Amino acid sequence: MTRVRSVKTGFTGGELSPALLARGDLAAYETGAGRLRNVLIQPTGGVRRRPGMAYVATARGPGRLVAFTFSTRQSYLLVFTDRWVQVFFEDAPLAEIATP
């Protein structure tokens, strides 16, 4: 039996649910993908690998990373750990604040 392969050049439909994989009548089926991992979808339809993370410093323990954008030129990384908040700006430590 012959296999038919189609080439997809746009993924603006994102990742499709397994329930939609046989729904060729939907527009999302034509522009979607079965599985997308570690990629960013471009507005033009293509995909590219997402950027990774860089080692900057060691946290004081398990915690949470939160990105804070003050303006288009000022973006900070906040690291919340047990009783501490560390603030980073452009991959450099800016402040360490004790919290209750």
Side-chain angles (χ1 to χ4, degrees):
M1 186 168 179
T2 306
R3 270 189 106 158
V4 176
R5 292 183 182 234
S6 63
V7 177
K8 291 199 175 201
T9 57
F11 298 100
T12 55
E15 186 172 340
L16 299 176
S17 166
L20 294 178
L21 290 181
R23 295 290 310 266
D25 58 328
L26 298 176
Y29 182 81
E30 295 298 325
T31 60
R35 183 170 184 233
L36 295 172
R37 296 290 181 260
N38 292 323
V39 295
L40 297 173
I41 300 173
Q42 302 295 320
T44 56
V47 294
R48 68 177 172 94
R49 289 181 182 256
R50 71 169 175 83
M53 300 181 83
Y55 175 80
V56 175
T58 302
R60 293 181 169 261
R64 181 176 297 207
L65 301 176
V66 176
F68 174 71
T69 303
F70 180 73
S71 67
T72 57
R73 296 183 183 194
Q74 291 180 324
S75 293
Y76 299 93
L77 177 65
L78 305 176
V79 182
F80 292 94
T81 56
D82 186 34
R83 300 179 190 219
W84 286 94
V85 176
Q86 294 172 289
V87 181
F88 291 89
F89 178 69
E90 294 183 354
D91 297 337
L94 188 62
E96 289 189 8
I97 304 163
T99 59

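Not measured: the values here are computed from a predicted model.
When the shell of 6.0 Å around CZ of Arg35 is examined, it contains 12 or fewer heavy atoms from other residues, nucleotides or ligands. Surrounding CZ of Arg60 are more than 12 heavy atoms belonging to other residues, nucleotides or ligands, all under 6.0 Å away.
Closest approach of Gly32 and Leu16 over heavy atoms only: CA-CG, 4.0 Å. Nearest heavy-atom pair, Thr81 versus Gly63, reported as atom, atom and distance to 0.1 Å: CG2-CA, 4.1 Å.
To the nearest 0.5 Å, atoms CD (Gln74) and CD (Glu90) are separated by 9.5 Å. In this structure, CZ on Phe68 lies 9.0 Å from OG on Ser75, to the nearest 0.5 angstrom. With rounding to the nearest 0.5 Å, the separation of CG in Leu36 from CZ in Arg50 is 13.0 Å. For the atom pair Ile97 CD1 and Gln86 CD, the distance stands at 10.0 Å (nearest 0.5 Å).
Under the 4.5 angstrom side-chain criterion for Ile, Leu, Val, Met, Phe, Trp and Tyr, the cluster partners of Leu65 are Met53, Val56, Leu77, Val79, Phe88.
For Phe89, the ring pair (Phe, Tyr, Trp, His ring centres under 6.0 Å) partners two or more places apart in sequence, or in a different chain, are Tyr76.
Residues Val47 and Leu40 fall into different hydrophobic clusters, defined by Ile, Leu, Val, Met, Phe, Trp and Tyr side chains chained together at heavy-atom separations under 4.5 Å.
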